[in-house]
Number of protein chains: 4
Amino acid sequence: MLNRVILIGRLTRDPELRYTPAGVAVTQFTLAVDRPFTSGGSKEREADFINIVTWRQLAETCANYLRKGRLTAVEGRIQVRNYDNNEGKRVYVTEVIADNVRFLESSNSAGNREDGGSNANASYGGGGSGNRGGGSREQQDPFIDDGKPIDISDDDLPF
Amino acid sequence: MLNRVILIGRLTRDPELRYTPAGVAVTQFTLAVDRPFTSGGSKEREADFINIVTWRQLAETCANYLRKGRLTAVEGRIQVRNYDNNEGKRVYVTEVIADNVRFLESSNSAGNREDGGSNANASYGGGGSGNRGGGSREQQDPFIDDGKPIDISDDDLPF
Amino acid sequence: MLNRVILIGRLTRDPELRYTPAGVAVTQFTLAVDRPFTSGGSKEREADFINIVTWRQLAETCANYLRKGRLTAVEGRIQVRNYDNNEGKRVYVTEVIADNVRFLESSNSAGNREDGGSNANASYGGGGSGNRGGGSREQQDPFIDDGKPIDISDDDLPF
Amino acid sequence: MLNRVILIGRLTRDPELRYTPAGVAVTQFTLAVDRPFTSGGSKEREADFINIVTWRQLAETCANYLRKGRLTAVEGRIQVRNYDNNEGKRVYVTEVIADNVRFLESSNSAGNREDGGSNANASYGGGGSGNRGGGSREQQDPFIDDGKPIDISDDDLPF
DNA sequence: TTTT
DNA sequence: TTTT
């Protein structure tokens with residue numbers, strides 16, 4: 001009924017842009033989000049690594065402007081999908097389907113640390129089922145990149 | 001750096017309360033959250049099933065007052081933990097660690113539909129690592145309920 | 001750059017639907033949101049009275065289904081506008097422009113307390129610059145409703 | 001019942017730190033948050049100027065590290081308070097009481113644009129009823145800073 | 001498999 | 001394994 005997520009973190013690697021057979025752009029990346037505490041007596045602050053999926057125009061903007069290490073804000077919804085793996089076991093995948101992404105560091109920043117948080121608007125890319133593997137209940141793992149376009153029919157895209 | 005989730009949905013079953021060896025209360029339940037669209041030509045609206053973890057005082061309040069089917073609002077943060085399963089394969093688990101839970105239907109509601117959204121405050125239970133299986137990086141699956149108290153040391157609790 | 005609000009509270013009165021001269025529907029209501037604490041030694045829990053504005057299709061759905069007292073979830077953005085009052089003094093008005101409203105109590109609920117949180121979807125009404133005031137406790141209405149259509153040109157509508 | 005705000009914007013001026021008669025630190029600042037659209041045919045993107053209030057430890061951290069122009073993320077709740085002005089008219093003030101502030105640009109950034117989004121943690125300052133006004137565009141300050149400590153009794157502090 |  |  002209501003499902004809203006807001007994250008600020010850094011990309012663990014460059015985003016990956018792919019296209020569905022129907023030609024719809026999908027970009028995925030992982031955000032490292034530091035936890036608000038240090039646990040277990042360890043000095044090092046831990047992070048959660050959260051998978052983000054964007055669709056369509058927003059996917060292409062993210063692929064163009066985001067890079068590994070960039071500080072980024074993401075707004076979206078949690079999606080849980082599942083698929084049966086090659087051993088016939090059901091696997092659950094949780095992702096954040098982003099509909100708003102804010103670039104908190106501009107292109108010449110992050111890497112060489114020369115800029116301070118300019119901002120490229122990437123809003124309004126629409127939601128998406130986030131599954132690049134088929135129907136929504138039982139799917140292939142979209143994260144296995146086999147080089148082929150991901151197999152998803154237009155019917156699976158919720159927009 | 002910032003990690004905030006707000007959900008409204010219904011419990012798929014009664015919450016489960018357990019205790020760590022150190023005596024810390026942990027309650028878990030799953031929220032069914034309807035998606036904002038119908039996909040794939042199917043008429044039936046789909047839902048995401050999202051695992052929620054609460055700790056301490058909030059855990060006990062949830063165990064006392066929440067029941068299967070109840071409409072509930074949850075505020076918290078996304079946490080991703082992993083553990084190696086019995087085949088030595090790394091499994092990733094994503095949960096929402098709740099720090100605020102709102103009961104949108106009171107006790108005599110939901111089941112027999114007699115009330116209108118009264119509200120029991122369950123705020124401020126503190127966060128938690130959400131792992132009931134050991135250290136934070138490599139853990140046992142906390143969702144396997146073996147009847148034994150979950151093995152987590154006090155050091156793993158971030159509060 | 002990012003502006004997100006999520007509220008759960010009860011309507012202080014029935015929503016008011018009006019139309020701009022260009023025929024765009026605008027609905028306004030006030031949400032009473034209990035504070036998470038009791039202050040000043042007083043036993044009574046205080047509330048914040050927050051003005052909500054909805055536009056277009058969402059405005060009409062809200063006008064049709066929301067009523068005084070209903071428990072409601074609102075998602076939107078904070079907007080601050082200003083105008084000069086009749087004494088030539090600048091007045092600031094803060095509102096939440098909602099783009100998603102969830103009815104947490106169905107029609108036969110709330111008033112007579114007979115139901116438990118059924119849910120009418122009212123998502124996707126778009127944002128808007130909005131106006132008029134609110135109906136909270138001892139609040140004077142900065143935009144007195146004089147029966148005339150509200151004066152806002154199409155240029156003021158951000159969509 | 002639930003009241004959550006997340007904002008990303010830039011400070012319109014340096015934050016102002018003051019103390020209640022009881023010695024509690026309060027810091028206020030205004031965040032300029034760009035709207036997600038351009039309205040009225042105007043090319044210039046508009047912004048909302050939103051007053052932020054922080055208390056206690058968080059207030060002091062904000063006063064120490066935030067400066068005019070800095071890109072900042074704020075998490076908190078909307079609070080509406082009112083007072084009678086010198087003409088005996090009731091005035092309503094809406095503020096965001098922050099409980100989490102993230103510095104998205106480090107000290108040597110923003111002004112001279114040399115850094116990229118380092119991050120000083122300022123979490124956990126608690127809520128508060130707050131007061132004073134803001135520093136937005138043409139805004140008169142409802143709580144003129146007369147150099148005297150602000151008059152708020154301990155009873156008004158909700159913690 | 002992880003970012004600063 | 002799922003709720004209404």
Side-chain angles (χ1 to χ4, degrees), chain A residues 1 3 7-16 28-35 44-52 66-72 74 80-82 89-92 104-105 109-113 117 137-138 143-145, chain B residues 1 3 7-16 28-35 44-52 66-72 74 80-82 89-92 104-105 109-113 117 137-138 143-145, chain C residues 102-106 109 115-121, chain D residues 102-106 109 115-121:
Chain A
M1 292 236 347
N3 183 335
L7 304 170
I8 299 180
R10 292 182 186 278
L11 291 236
T12 61
R13 49 168 71 193
D14 287 355
E16 287 185 33
Q28 301 196 302
F29 54 90
T30 297
L31 222 52
V33 183
D34 286 340
R35 294 190 180 161
E44 345 147 21
R45 183 176 297 277
E46 288 178 45
D48 291 291
F49 298 94
I50 302 173
N51 293 320
I52 314 292
L66 286 178
R67 288 295 171 271
K68 178 180 178 178
R70 297 273 171 78
L71 191 68
T72 306
V74 161
V80 182
R81 46 188 189 80
N82 60 74
K89 227 180 120 183
R90 175 138 308 173
V91 180
Y92 290 83
L104 303 176
E105 293 178 339
S109 177
N112 41 17
R113 327 254 92 195
R137 289 225 172 210
E138 277 120 303
F143 272 103
I144 294 165
D145 189 346
Chain B
M1 292 231 349
N3 183 337
L7 304 170
I8 300 181
R10 292 182 185 279
L11 291 237
T12 61
R13 49 168 69 193
D14 286 356
E16 286 184 34
Q28 300 197 300
F29 55 91
T30 298
L31 221 53
V33 182
D34 287 339
R35 294 190 180 162
E44 344 146 21
R45 182 176 299 275
E46 287 177 45
D48 290 291
F49 298 94
I50 301 173
N51 292 321
I52 314 293
L66 285 178
R67 287 295 171 271
K68 178 181 178 179
R70 295 276 170 77
L71 191 67
T72 305
V74 161
V80 181
R81 43 186 192 83
N82 60 74
K89 228 181 118 182
R90 177 137 307 172
V91 179
Y92 290 83
L104 303 176
E105 294 178 337
S109 178
N112 40 18
R113 324 254 95 194
R137 291 224 173 209
E138 276 121 303
F143 273 102
I144 293 166
D145 190 346
Chain C
R102 295 292 156 176
F103 309 152
L104 303 175
E105 293 177 338
S106 60
S109 177
D115 191 291
S118 123
N119 169 52
N121 184 329
Chain D
R102 295 292 157 176
F103 309 153
L104 303 177
E105 294 177 338
S106 61
S109 178
D115 192 289
S118 120
N119 170 49
N121 184 329

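No experiment lies behind these values; they were computed from the predicted model shown. Chain identifiers are assigned alphabetically (A, B, ...) following the order of the sequence lines, protein sequences preceding nucleic acid strands; residue numbering begins at 1 within each chain.
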### Message
With side chain to side chain contact (heavy atoms under 4.5 Å, CB included) as the criterion, how do B:Asp48 and B:Arg35 come out once you've worked through the C-alpha distance, each side chain's angles and the decisive distance to 0.1 Å?
### Response
CA-CA 7 Å; B:Asp48 290 291; B:Arg35 294 190 180 162; 2.7 Å; yes
### Message
Please pick, from E:dT3, E:dT1, F:dT1, the nucleotide with the shortest atom-to-atom distance to any side-chain atom of B:Tyr92.
### Response
E:dT1
### Task
Check the pair A:Thr72, A:Ile8 against side chain to side chain contact (heavy atoms under 4.5 Å, CB included), reporting the backbone distance first and the verdict last.
CA-CA 6 Å; A:Thr72 306; A:Ile8 299 180; over 6 Å; no
### Query
With Watson-Crick and G-U wobble geometry limited to distances under 3.5 Å, how should the secondary structure of DNA chain E be encoded in dot-bracket form, using | for bases paired to another strand and [ ] for crossing pairs?
....
### Task
Could you tell me whether the side chain of B:Ile52 reaches within less than 4.5 Å of the side chain of B:Leu7, counting heavy atoms only?
yes
### Message
Rounding to an integer number of Å, can you tell me how far B:Phe49 CZ sits from F:dT2 C1'?
### Response
4 Å
### Task
For F:dT1, take OP1 and OP2 only and decide whether either is under 4.0 Å from a side-chain N or O of A:Arg90.
yes
## Note on the structure
Here the distance between atom C1' of F:dT3 and atom NZ of B:Lys68, to the nearest Å, is 8 Å
### Query
Rounded to the Å, how far apart are A:Arg10 CZ and E:dT1 P?
23 Å
#### Entry: Interatomic distance where CE belongs to A:Met1 and P belongs to F:dT3 [whole Å]
17 Å
### Residue B:Ala47, side-chain heavy atoms: nucleotide from E:dT2, E:dT3, F:dT3 that is nearest
F:dT3
### Message
When you compare the side chain of B:Phe49 with that of A:Val80, does any pair of heavy atoms fall below 4.5 Å?
### Response
no
### Summary
Rounded to whole Å, CG of A:Leu11 lies from P of E:dT3 at a distance of 11 Å
### Query
So does B:Glu105 pair up with B:Arg67, basic N to acidic O under 4.0 Å?
no
### Task
Whole angstrom is fine here: how far is it from CG in A:Asp14 over to C1' in E:dT2?
13 Å
### Message
Contact between A:Val74 and A:Phe29 at the side-chain level, heavy atoms closer than 4.5 Å - yes or no?
### Response
yes
### Task
Say whether, by atom type as modelled, one donor and one acceptor occur between the side chain of B:Asp14 and the main chain of B:Lys68 under 3.5 angstrom.
yes
### Message
Expressed as a whole number of angstroms, how long is the span from B:Asn51:CG to F:dT1:C1'?
### Response
11 Å
### Task
Would you kindly give the CZ-to-P distance between B:Arg13 and F:dT1, to the nearest whole Å?
12 Å
